[in-house]
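In what follows, residues are counted from 1 in the order of the sequence shown.
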Amino acid sequence: MRRTSGRQVLGIFLIIIGIVWALRNLDIFSWEFEYLYLSWPFFLMIIGLIIIIRSKGSFGGFIVFMVGGAFFLSRMYDYSIGEIFSDFWPLILIAVGISILLEYWREK
């Protein structure tokens, strides 16, 4: 199986961005769609997913995805980012603990 290079991923990403931008200029998307899915938190989530997939479960990719997801949820539900982090910080601690244990068990 052929492995996808970084240049191919970048080329595909640029084509998708160009198509989306052109459709946006033609007023194809509703305001809500643009506000949610053409935003930097959504792209941060996509970048996190790409990192996770390419590096087979990278913790850094998980963090990027979670930060993007938190900001995305704050946009989606009109919820302040501070409230999201205060409500979900225990889950972040659990995820960090699980990651540390998985790394420890992989080394054995």
Side-chain angles (χ1 to χ4, degrees):
M1 186 171 174
R2 237 175 127 184
R3 187 175 169 126
T4 306
S5 75
R7 291 183 70 136
Q8 289 172 323
V9 171
L10 178 63
I12 291 169
F13 184 71
L14 289 175
I15 290 169
I16 291 170
I17 294 296
I19 290 170
V20 168
W21 203 333
L23 293 174
R24 182 176 180 230
N25 287 343
L26 295 171
D27 290 328
I28 300 294
F29 301 120
S30 68
W31 180 86
E32 294 86 10
F33 182 86
E34 283 188 29
Y35 182 72
L36 291 176
Y37 299 107
L38 300 181
S39 64
W40 67 269
F42 187 74
F43 288 118
L44 199 60
M45 290 172 56
I46 298 297
I47 290 169
L49 280 177
I50 291 170
I51 293 170
I52 290 169
I53 292 168
R54 288 191 52 90
S55 61
K56 297 184 177 121
S58 165
F59 185 68
F62 178 73
I63 294 296
V64 170
F65 179 81
M66 293 303 293
V67 169
F71 282 101
F72 182 77
L73 287 175
S74 74
R75 279 180 172 239
M76 181 177 276
Y77 295 111
D78 198 26
Y79 202 58
S80 86
I81 194 67
E83 291 176 27
I84 288 175
F85 279 117
S86 69
D87 290 346
F88 292 107
W89 72 267
L91 297 176
I92 295 170
L93 290 177
I94 292 168
V96 169
I98 289 172
S99 173
I100 290 170
L101 288 177
L102 289 176
E103 287 295 322
Y104 173 76
W105 289 329
R106 283 185 197 156
E107 291 176 358
K108 280 190 161 190

Problem - Trace of the side chain to side chain contact (heavy atoms under 4.5 Å, CB included) decision for Y37 with F72 - result: CA-CA 9 Å; Y37 299 107; F72 182 77; 3.7 Å; yes
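Distance alone, capped at 3.5 Å, is enough to place a donor-acceptor pair between the S55 side chain and the I51 backbone.
Rounding to the nearest 0.5 Å places CZ of F62 at 11.0 Å from CG of L49. To the nearest 0.5 Å, atoms CG (D78) and CG (L73) are separated by 12.5 Å.
In terms of heavy-atom proximity, S74 sits nearest to S80 at CB-C, 4.5 Å.
Annotation: side chain of L36 is not in contact with side chain of F42 (no heavy-atom distance under 4.5 Å). The side-chain heavy atoms of L44 and F65, taken from C-beta on, include no pair separated by under 4.5 Å. Proximity of R75 to W40: side-chain heavy atoms (C-beta onward) are separated by under 4.5 Å at one or more points.
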